[in-house]
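Proteins come first, then strands; the chains are lettered A, B, ... in the order of their sequence lines, and each starts at number 1.
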2 protein chains.
Amino acid sequence: MKTKEHKIPEATIKRLSTYVNYLGRLGTDSNPVISSEILGESCQVSPAQIRKDLSYFGEFGVRGVGYDTKKLEAEIKDILGINHNWPTTVVGVGKLGQALLNFDFFRNHGFRIITAFDSDPNKIGTEAANGVTIQSISNIEKCVREEKISIGIITTPVAAAQDVTDKLVDGGIKGILNFAPIKVKVPETVTLRNVSITSELDNLAYLLTQKKR
Amino acid sequence: MKTKEHKIPEATIKRLSTYVNYLGRLGTDSNPVISSEILGESCQVSPAQIRKDLSYFGEFGVRGVGYDTKKLEAEIKDILGINHNWPTTVVGVGKLGQALLNFDFFRNHGFRIITAFDSDPNKIGTEAANGVTIQSISNIEKCVREEKISIGIITTPVAAAQDVTDKLVDGGIKGILNFAPIKVKVPETVTLRNVSITSELDNLAYLLTQKKR
DNA sequence: GTTATGCTGTGATAGTTATCACATTGTTGC
DNA sequence: GCAACAATGTGATAACTATCACAGCATAAC
């Protein structure tokens with residue numbers, strides 16, 4: 001992979017994620033090769049867009065032929081870095097936290113959940129769905145440091161989100177995926193992504209309202 | 001609200017959602033008025049961006065003063081259409097589905113969940129967390145039509161997503177929020193939004209990988 | 001070997017979105 | 001009533017992103 005020095009649009013990264021997802025399913029033995037046109041149909045992206053997205057990172061296809069399905073999948077995984085194995089923790093073991101603890105694809109996307117935290121005394125000490133023991137929020141900093149946890153996933157209520165973030169940061173966390181509908185603050189050294197389900201809801205509401213007029 | 005005939009950027013809608021979220025919390029009695037600068041600090045958006053976003057829909061502030069906090073909140077809610085009360089269903093009552101059934105903010109964002117569907121015989125007939133009875137997937141079309149359900153939220157596995165989508169569409173659904181990591185196909189008359197948690201994971205993985213280099 | 005074919009890779013172009021700078025206008029104090 | 005002030009609203013500009021059209025290159029056919 002030869003990464004070029006251009007700045008990559010975030011939309012490109014999002015689409016690469018889609019491509020790799022479909023490549024995993026399309027890449028049967030009967031489809032060893034795939035063209036940007038066919039992949040584009042599945043992903044609902046124009047062929048030119050796919051080629052442009054890939055061109056930021058190098059040349060992966062064969063002109064006149066197309067892309068080796070399995071090889072392209074591996075290349076994109078390499079670009080995205082989902083072949084890593086980051087020690088991960090989930091903070092907030094409500095329904096959403098439990099859902100995430102159960103998601104198989106965490107493992108397939110480079111994350112290994114090794115601990116979970118909650119503030120509810122009834123939950124602390126019990127085992128979460130995938131065999132991980134739930135610990136007290138007050139242990140976060142110590143545990144993150146000792147277990148060298150890289151990624152924190154926040155699924156607490158809004159009120160706790162910033163406090164929990166600070167504890168993760170103090171422990172030396174590298175990245176945070178925040179599901180609480182608040183923009184938590186982190187130092188520049190920490191990578192942060194906010195996932196806002198409420199904003200998706202609002203967006204849908206907006207689109208529907210528009211259509212009615 | 002005077003809607004102008006420009007096309008509104010999707011990013012603007014996403015930010016409006018953030019604004020309304022913060023306005024609800026910032027708008028105490030001691031803060032009856034707020035400036036774009038102060039709101040921008042909380043939302044981590046530039047003041048100019050906020051004013052531009054609002055200008056697509058009209059004039060809501062007072063020059064030299066700022067915005068009436070409560071009034072602006074109401075105006076944005078009106079723009080987004082989150083003051084409606086759409087009958088909503090959740091299809092797929094796994095952990096994620098349960099998490100969504102429990103989310104308070106559904107109600108606060110214009111959605112009223114009145115039914116839930118699942119294919120698991122052990123779940124059918126039982127009551128989901130918020131008092132909604134879980135029905136069989138095979139009832140979707142009939143139920144959507146009879147109960148005049150407007151919104152479908154899909155939290156099934158990938159394999160079932162398109163089938164369930166078709167059933168919702170046949171029943172006359174108006175909008176779909178899809179959490180399955182596949183781009184389901186719907187006719188143009190149906191409004192669709194895909195929420196891809198996997199793509200958020202991939203994006204975080206990418207950012208972390210970049211930082212390491 | 002030569003030509004025809006087909007799909008990639010990419011520079012140029014068009015379109016979209018964010019930023020900037022300032023004109024505008026309501027408010028306050030005298 | 002007038003001047004000074006403060007924060008909005010917006011046209012102009014810059015930055016970014018997607019689309020297009022075709023050159024480039026590997027393959028296949030003859």
Could you work out which one of D:dT10, D:dT8, D:dC22 sits closest to the side chain of B:Y67?
D:dT8
CG on A:D53 to CD1 on A:I8, rounded to 0.5 Å:
9.0 Å
Are the side chains of A:T89 and A:I113 in contact, using a 4.5 Å heavy-atom criterion?
no
side-chain contact (heavy atoms from CB on, under 4.5 Å) partner of A:P87, chosen from A:I114, A:I151, A:T115
A:I114
In whole angstrom, give the distance that lies between atom NZ of A:K52 and atom P of C:dA12.
10 Å
Side chain of A:S35: nearest nucleotide among D:dT19, C:dG26, C:dT8?
C:dT8
Mind calculating the distance between NZ (A:K7) and P (C:dA18) to the nearest angstrom?
12 Å
Nearest-nucleotide 5' precedence on DNA chain D, A:V65 against A:A48:
A:A48
Assess the residue pair B:E10 and B:K14 against the criterion (salt bridge (charged side-chain N to carboxylate O under 4.0 Å, His left out)); give the C-alpha distance rounded to whole Å, side-chain angles, the decisive distance to 0.1 Å, and a yes or no.
CA-CA 6 Å; B:E10 182 171 321; B:K14 198 168 183 179; over 6 Å; no
I need the CG-P distance between A:L16 and D:dA18, as an integer number of Å.
11 Å
Regarding B:T165 and B:K185, is there a side-chain donor-to-acceptor distance under 3.5 Å anywhere?
no
A:T12 has its side chain closest, among C:dT27, D:dA18, C:dT10, to D:dA18
Given C:dA21, D:dT27, C:dT27, which nucleotide is nearest the side-chain atoms of B:R51?
C:dA21
Indicate whether OP1 or OP2 belonging to D:dA7 is found under 4.0 Å from a side-chain N or O atom of B:S36.
no
Nearest to the side chain of A:A11, heavy atoms from C-beta on, is which of D:dT27, D:dT8, D:dA18?
D:dA18
From CD1 of B:I50 across to P of C:dT19 the rounded distance in Å is 11 Å
Tell me: CG of B:L39 to P of D:dA7, nearest whole Å?
14 Å
Let me know the distance between CZ of B:F60 and P of D:dG9, rounded to the nearest Å.
8 Å
Out of C:dT27, C:dT17, D:dT10, whichever nucleotide has its closest atom nearest the side chain of B:S55:
D:dT10
Side-chain N or O of A:R63 versus OP1/OP2 of C:dT5: is the shortest distance under 4.0 Å?
no
For the side chain of A:P9, counting heavy atoms from C-beta on, which of C:dT17, C:dT10, D:dA18 is nearest?
D:dA18
